[in-house]
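Read through the structure below, which is laid out as structure tokens, and then see the notes.
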Protein chains: 2
Amino acid sequence: MAAGTTRDQITAAADRLFYERGFEATSFADIAAAVNLSRGNFYYHFKSKDEILAAVIARRVETTRAALDAWAAAAAGPADGIRSFIGMLVANRAKIMRHGCPVGTLCAELAKLDHAAQGDAAAIFTLFRTWLADRFAALGHGADADALALHALMRSQGIAALATALHDEAFIDREVEALEAWLDDLPQAPARP
Amino acid sequence: MAAGTTRDQITAAADRLFYERGFEATSFADIAAAVNLSRGNFYYHFKSKDEILAAVIARRVETTRAALDAWAAAAAGPADGIRSFIGMLVANRAKIMRHGCPVGTLCAELAKLDHAAQGDAAAIFTLFRTWLADRFAALGHGADADALALHALMRSQGIAALATALHDEAFIDREVEALEAWLDDLPQAPARP
DNA sequence: ACAGCACTAGGTCAATCGTCCTAATCATCT
DNA sequence: AGATGATTAGGACGATTGACCTAGTGCTGT
């Protein structure tokens, strides 16, 4: 129906279903139904389910990189970029309350399955981590930049996890506000020349 | 092998396996092997897998309540009790790095499965929430007690989630320290008489 | 018109899933 | 010893899983 090759359509559908239902709970039949394909010939495009997972992770890496680039381009400054990251929680709150954070829940599932791709999934976190750390460094927190990045990442994960369990929209708003306040109230460091 | 009725042994084994591998990924055969029972006669003790899940959740509610009572009894004051909660992250960090938080990951999985028991699982969070809120209230934060409780809960979830993905023990230590500092540096409110 | 290739439908395969049943075993009490 | 009820072993069930295969369809350039 949409544009893109069949392989891309399969990857996109699998991406959505892995997020909404989980990796193991999504079967070939589910993906096939989503793209109106017979389940049998998936092996022409992917020779195993793990290969579909790898394609989905690669797709998410790409999507994440694109989002980070767009935020960086649109941001008035480093702090504004970080605020775009935080804003993700508000923009996607409906989905987050139902299915959690796509990255966090996938990493958690793959960790339980002891899956070989768990490191690849965690690499998406690294994308956010270094991107955030760059911005904290630009704000003058060179020594703490990585720790601050992980702190922001950790709070976004906590907000998503608890929002999924509690189904509480006001909780998200309150904690997002607190996270923005934390960013604004960071002990000032000497700005870069 | 251990004490307790067969039903309790099954529940305990399922509890451990649901935590380590996940609910859906754990089969009757897995549980049967763990308690040295034939898989067939589970239906004498539980008439469905959902019933085992309900028993596991009830067991975790019980365990949680007992832990909270113990912490309350051992604590020198409200703040000391909250510190026991935070200490859980350090005490269980090895397991957390491999399987995440038992409550958070179960809630996330049940949310994706759209399982009827997701509310029951989330009730364990409520146990922590009200217990923490009581202590924040005793510290004089009557109006914000619930919000503070959720904030502490959210950070514990974020730490667990990211620790699972990153497998970084130093990260846990650093964030636990930051969480304790947050607790100590809370704006002082007038103490209760 | 024809050959060649990209792609698909539909079915088979063994394995495993949760569920269910029955015959045997165990412990306890009369 | 014999009867009774609780507990278990072991298998069978239909459905579904990921994996695999082959016979095709439809488009391409010649």
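To find a chain, count down the sequence lines: A is the first, B the second, and so on, and within it residues start at 1. Both backbone and side-chain heavy atoms feed into the values below; hydrogens, waters and symmetry mates do not.
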Report the end-to-end axis angle of the helix from C/dA1-D/dT30 to C/dT30-D/dA1; each axis comes from five terminal pairs, and the value is rounded to 10°. 0°
Look at the side chain of B/Tyr19 and the backbone N and O of B/Lys95, then say whether any donor-acceptor pair between them is shorter than 3.5 Å. yes
Produce the list of close N/O pairs, under 3.5 Å, pairing protein atoms with atoms of nucleotides 7-10 of chain D; give distances to one decimal.
unit_1 : atom_1 : unit_2  : atom_2 : d
D/dT7  : OP2    : B/Tyr44 : OH     : 2.7
D/dT8  : OP1    : B/Thr6  : OG1    : 3.1
D/dT8  : OP2    : B/His45 : NE2    : 2.6
D/dA9  : OP2    : B/Ser38 : N      : 3.1
D/dA9  : N7     : B/Ser38 : OG     : 3.4

Table please: side-chain donor-acceptor pairs of residues 159-166 of chain B below 3.5 Å, with sequence neighbours left out.
unit_1   : atom_1 : unit_2   : atom_2 : d
B/Thr164 : OG1    : B/Ile96  : O      : 2.9
B/Thr164 : OG1    : B/Gly100 : N      : 3.4
B/Thr164 : OG1    : B/Ala160 : O      : 2.7

Using the side-chain hydrogen bond (donor to acceptor under 3.5 Å, both in side chains) criterion, which residues pair with A/Arg59? Sequence neighbours excluded. A/Asp15
Atom pairs under 3.5 Å, N or O on each side, protein against nucleotides 14-17 of chain C: can you list them with distances?
unit_1 : atom_1 : unit_2  : atom_2 : d
C/dC17 : OP1    : B/Ser27 : OG     : 3.3

Polar side-chain atom of A/His99 near backbone of B/Ala111 as donor-acceptor pair, under 3.5 Å: no
B/Arg83 with B/Asp184: basic N within carboxylate O range, under 4.0 Å: yes
Quick one: A/Ile10 CD1 to C/dA6 C1', roughly how many Å, whole number? 14 Å
I'd like to check the side-chain hydrogen bond (donor to acceptor under 3.5 Å, both in side chains) partners of B/Thr11; sequence neighbours left out, ordered by chain and number. none
Test your reading of the model: is there a side-chain donor-acceptor pair from B/Lys47 to the backbone of B/Phe42, 3.5 Å cut-off? no
Is there a path of hydrophobic side-chain contacts, each under 4.5 Å between heavy atoms of I, L, V, M, F, W or Y residues, that connects B/Tyr44 with B/Ile31? no
Whole-Å distance separating the NZ atom of A/Lys47 from the P atom of D/dC21: 13 Å
Expressed as a whole number of angstroms, how long is the span from A/Leu17:CG to D/dG18:C1'? 16 Å
Between D/dT17 atom P and A/Ile31 atom CD1, what is the distance in whole Å? 11 Å
Using atom OH of A/Tyr43 as one end and atom C1' of C/dT12 as the other, report the distance to the nearest whole Å. 14 Å
Salt bridge A/Asp114-B/Arg98, side-chain N to carboxylate O under 4.0 Å: no
Is the A/Trp182 ring parallel, tilted or perpendicular to the A/Phe136 ring (thresholds 30°, 60°)? perpendicular
Is B/Lys112 paired with A/Glu20 through a side-chain N to carboxylate O contact shorter than 4.0 Å? no
Over how many whole Å does the gap from A/Gln9 atom CD to C/dA6 atom C1' extend? 16 Å
